[in-house]
Each structure stands twice: as C-alpha cells, then as structure tokens.
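First comes the structure, then the notes that go with it.
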Amino acid sequence: MKSITIQGVKREDLGKVATRNLRNAEQVPCVVYGSGEPIHFSADEKAFKSLVYTPDAHTATIELADGAKIQAILQDIQFHPVTDKILHVDFYQLNEDKPVTMEVPVRLVGRARGLVAGGVLRFNMRKLKVRAIPANLPDEIEIDITPMRIGHKMYVETLKNDNYTFAHPDNAVVVAIRTSRNAVKDADQDEDED
C-alpha cells in the first residue's frame, strides 16, 4: 500500500487556547493511538491534502521533529462545519502482526455485457472496509464486470480473499446491472412485433 509522509512536531500544551493558536497558525492538532500512551503532535494543514482529498487509500508515515517515525492509518478526521478546514486528525498506529480495518476503494474494469445490451450500472459500494495485517492491505479492490448481464449482481461474498476479510455482510451488493427504461421499451416493442 502507498504511504504518505507527514512532518509533525510533538505538542506540549493540550488545552483549548493552545489548540486555537495552532489552528490560527494553519497547523492541525493530531493524535496517534495504538501502542501505549497516545502521542499528540501538530502538522501543517497542507500536509493532509494528498491523504484526505483523494479517492485512494494510503498509510501515513509520521515523522516527528525529534526523529521518531510512526507508521499509521487515518482513523478519524474532523472538519469545520462552515469553512471545511481540518480541525483535528486521529491516527491509529500500525503493528506488523496486528490486523487493522481500513476503507479501500473499489475499481471496476471491463465493459459489462449487460451495459452493451442497454442495462444500467448500479455501483452501490465504491469503498469497502477491509480487515488485514498491514502487509496484506490492498491499494484497491479490482472487479472485472465484463461477464455481467442485465440482472446480475456482484456480492461481497464473491470478492473474498485469503489475505483480508470484509467488514460487510456477505450478501451486500457491490455492483449490479439493472434493466433500464429503454431496455424495457425495446423488449415491449419486440413482443408487439411478434
């Protein structure tokens, strides 16, 4: 999985005044959980651009000013309700042997036979929650929709893999090919001609 580096500085003051001063200086208060005591730090708001505003899934390497490097995933993020500025970020530290849950994007490849016949694609789940050890986390989940016809559905159960598990029910529909109004009209016209 791709990793993004975020430069940070440990925080000493954790109160409201210190947090407000950080935000005024375009810094984001952050915390890393996962092993022992939480680590509080701040980072430049621009450093989160390629981690937050992307459809891709990434891990983060947090490099603190004291030389410490922490591998983590984005756990939670809070935005200002009006300005959409990042207010706070929570990270979860990765351990090589401890499974983590992360949202991974789904990418469709191919052209479904049902679409060529006039069907409509329903892409219900553009991201799936995957649970795996960090080494087995996929960058994306690729689904070949070429053999799908009108009425076919692709379930989470069909995407199962030995390297990771899904945090969704097996019968959840990821993608489906539905009948369109035009396809229904065409079918009705064919019946009238007979």
Side-chain angles (χ1 to χ4, degrees), residues 1-14 18-110 123-144 156 159 161 163-168 174-175:
M1 177 167 279
K2 298 173 194 163
S3 183
I4 291 174
T5 303
I6 295 174
Q7 306 288 337
V9 178
K10 274 193 178 178
R11 293 192 302 157
E12 303 300 325
D13 300 327
L14 302 177
T19 302
R20 189 178 315 119
N21 291 338
L22 274 176
R23 290 184 183 131
N24 289 340
E26 295 190 0
Q27 296 287 309
V28 177
C30 306
V31 65
V32 178
Y33 300 104
S35 65
E37 286 291 312
I39 301 167
H40 297 272
F41 69 98
S42 63
D44 188 38
E45 189 175 358
K46 294 175 186 166
F48 294 98
K49 187 175 89 173
S50 53
L51 181 66
V52 176
Y53 305 108
T54 178
D56 300 329
H58 299 288
T59 58
T61 303
I62 300 164
E63 292 183 357
L64 298 176
D66 63 2
K69 284 188 178 182
I70 303 165
Q71 293 293 323
I73 59 169
L74 182 68
Q75 190 71 23
D76 188 32
I77 188 164
Q78 296 170 2
F79 294 97
H80 189 280
V82 176
T83 63
D84 253 3
K85 287 183 78 167
I86 299 172
L87 294 179
H88 191 271
V89 179
D90 289 346
F91 289 97
Y92 185 77
Q93 187 169 352
L94 296 176
N95 294 323
E96 290 179 19
D97 57 343
K98 196 172 178 183
V100 293
T101 302
M102 186 173 184
E103 278 195 343
V104 176
V106 176
R107 188 168 69 92
L108 304 179
V109 294
F123 197 180
N124 298 337
M125 302 175 89
R126 294 178 186 273
K127 288 190 173 190
L128 291 172
K129 280 191 177 179
V130 172
R131 184 164 178 79
I133 60 171
N136 290 343
L137 283 171
D139 286 330
E140 63 186 10
I141 295 169
E142 190 174 281
I143 301 174
D144 184 12
V156 168
L159 304 175
N161 189 306
N163 294 330
Y164 48 83
T165 59
F166 293 102
H168 300 280
V174 180
V175 63

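Around the CD atom of Glu26, the shell of radius 6.0 Å holds no more than 12 heavy atoms that belong to other residues, nucleotides or ligands.
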Where do Val130 and Thr165 land on the side chain to side chain contact (heavy atoms under 4.5 Å, CB included) test, with the steps shown first? CA-CA 6 Å; Val130 172; Thr165 59; over 6 Å; no

Side chain to side chain contact (heavy atoms under 4.5 Å, CB included), that's the test. Do Asp97 and Ile133 meet it? Break it down for me. CA-CA 6 Å; Asp97 57 343; Ile133 60 171; 5.8 Å; no

Show the numbers, then the answer: is there a side chain to side chain contact (heavy atoms under 4.5 Å, CB included) between Ile77 and Val52? CA-CA 9 Å; Ile77 188 164; Val52 176; 3.5 Å; yes

Could you please spell out the steps behind the side chain to side chain contact (heavy atoms under 4.5 Å, CB included) verdict for Tyr33 and Asp90? CA-CA 8 Å; Tyr33 300 104; Asp90 289 346; 3.9 Å; yes

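The two residues Ala57 and Met102 come nearest to each other via the heavy atoms CB-CE, 4.0 Å. Contact between Lys98 and Pro134 at its shortest, heavy atoms only, is O-CD, 3.5 Å. Shown here for Asp139 and Pro105, the closest heavy-atom pair between the two residues is O-CD, 3.6 Å. Summarising the geometry of Val31 relative to Phe41, their closest heavy-atom pair is N-CE2, 4.3 Å, with the distance given to 0.1 Å. For the residue pair Ile141 and Val104, the shortest heavy atom distance occurs at N-CG1, 4.0 Å. Counting all heavy atoms, side chain and backbone alike, Arg23 lies closest to Pro29 at NH2-CG, 3.9 Å.
Counting only N and O atoms by type, the side chains of Glu63 and Thr5 include no donor and acceptor under 3.5 Å apart.
Here Phe166 pairs with Tyr164 under the ring pair (Phe, Tyr, Trp, His ring centres under 6.0 Å) rule; sequence neighbours left out.
Side-chain atoms of Arg107 never come within 3.5 Å of backbone atoms of Glu140 as a donor-acceptor pair (strictly under, hydrogens ignored). Asn161 places a side-chain N or O within 3.5 Å of a backbone atom of Asn163 that can act as its donor or acceptor partner.
Note on residues 77-87: pairs passing side-chain hydrogen bond (donor to acceptor under 3.5 Å, both in side chains), not counting sequence neighbours, are His80-Thr83. Judged as a side-chain hydrogen bond (donor to acceptor under 3.5 Å, both in side chains), the pairs with a partner in residues 125-136 (not counting sequence neighbours) are, in order, Thr101-Arg131.
Residue Leu87 holds its CG atom at 9.0 Å from CD of Glu45, rounded to the nearest 0.5 Å. The line from OG of Ser3 to CD of Gln71 is 5.0 Å long, rounded to the nearest 0.5 Å. Of the inter-residue distances, the one linking Gln93 atom CD with Ile73 atom CD1 reads 11.5 Å to the nearest 0.5 angstrom. Taking CZ of Phe48 as the start and CG of Leu74 as the end, the distance is 8.5 Å to the nearest 0.5 Å. Distance check, rounded to the nearest 0.5 Å: CD1 of Ile143 to CE of Met125 gives 10.0 Å. Here the NZ-OG distance, from Lys10 to Ser42, works out to 12.5 Å after rounding to the nearest 0.5 Å.
Counting heavy atoms from C-beta outward, Val32 and Ile62 have side chains that approach closer than 4.5 Å. Taking 4.5 Å as the limit, some side-chain heavy atom of Leu64 sits within range of a side-chain heavy atom of Ile39. Looking at Asn124 and Val175, their side chains never come closer than 4.5 Å, going by heavy atoms from C-beta outward. Within the 4.5 Å cutoff, the side chain of Val89 has no heavy atoms near those of the Asp76 side chain.
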